[in-house]
Amino acid sequence: MSEIDQGKWRNALPVRKLKNGKKKMITVDKKLILVGMHENQYFATEALCRHMRWPLAWGAKVDDDCIRCPLHQTTHKITDGELVEWSPFPLFPPYGKLLGKMSRQKDLTIYETRVEDSQIQVYF
Ligand code: FES
């Protein structure tokens, strides 16, 4: 590991603690993050939904490289955090769209991941 890397990569959790298809909310360096494994690839995002701060570890679905919050179905890409859909749910009565209008649309922060010494590491 180079000197430059030492200040930036942080151990998140041991590889054996995260199985494919699972995700965990953890604190790394006082930052609350979500670390998951989807189709045998690790990913890490900020832990709380950008819409109304629901913890994504509690019921969010990962599909097609996107993470979808269970509360109002806001969806972001896990590759770069780009917003795909902002609070579309429920469709009728249209609370979702209404709630969506009450908050500013934002991308999700994504953290780079790698494996070193059997640890999943994230890059801050
Ligand atoms: S809190 Fe996640 S979509 Fe509303």
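Computed from a prediction, not measured in an experiment: that's the story for all the values here.
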Side chain proximity check, [X] to [Y], heavy atoms < 4.5 angstrom:
X: Asp65; Y: Phe43; result: no
X: Thr74; Y: Arg50; result: no
X: Glu116; Y: Trp9; result: no

Same apolar cluster (I L V M F W Y, side chains within < 4.5 Å links), [X]/[Y]:
X: Ile78; Y: Val35; value: no
X: Val28; Y: Tyr111; value: yes
X: Leu32; Y: Leu56; value: no
X: Ile110; Y: Ile120; value: no
X: Leu34; Y: Trp58; value: no

For the side chain of [X] and the backbone of [Y], is there at least one donor-acceptor N/O pair under 3.5 Å apart?
X: Lys24; Y: Lys22; value: no
X: Glu46; Y: Thr109; value: yes
X: His38; Y: Lys23; value: no
X: Asn11; Y: Gln121; value: no
X: Asp80; Y: Glu82; value: yes

Minimal non-hydrogen separation, [X] against [Y], with atom names:
X: Ala60; Y: Cys69; result: CB-CA, 4.4 Å
X: Leu48; Y: Pro55; result: CD2-CA, 3.7 Å
X: Pro14; Y: Gln119; result: N-OE1, 3.7 Å
X: Gln73; Y: Phe89; result: CG-CB, 3.1 Å
X: Val122; Y: Ala12; result: CG1-CB, 4.2 Å
X: Gly81; Y: His76; result: O-CD2, 3.2 Å

Straight-line distance of [X] [atom1] to [Y] [atom2], nearest 0.5 Å:
X: Lys61; Y: Ile67; atom1: NZ; atom2: CD1; result: 10.5 Å
X: Gln105; Y: Glu85; atom1: CD; atom2: CD; result: 10.0 Å
X: Met37; Y: Glu39; atom1: CE; atom2: CD; result: 11.0 Å
X: Arg53; Y: Leu71; atom1: CZ; atom2: CG; result: 13.0 Å
X: Arg114; Y: Tyr42; atom1: CZ; atom2: OH; result: 14.0 Å

* Among Thr27, Ile26, Thr45, side-chain contact (heavy atoms from CB on, under 4.5 Å) partner for Ile33 -> Ile26
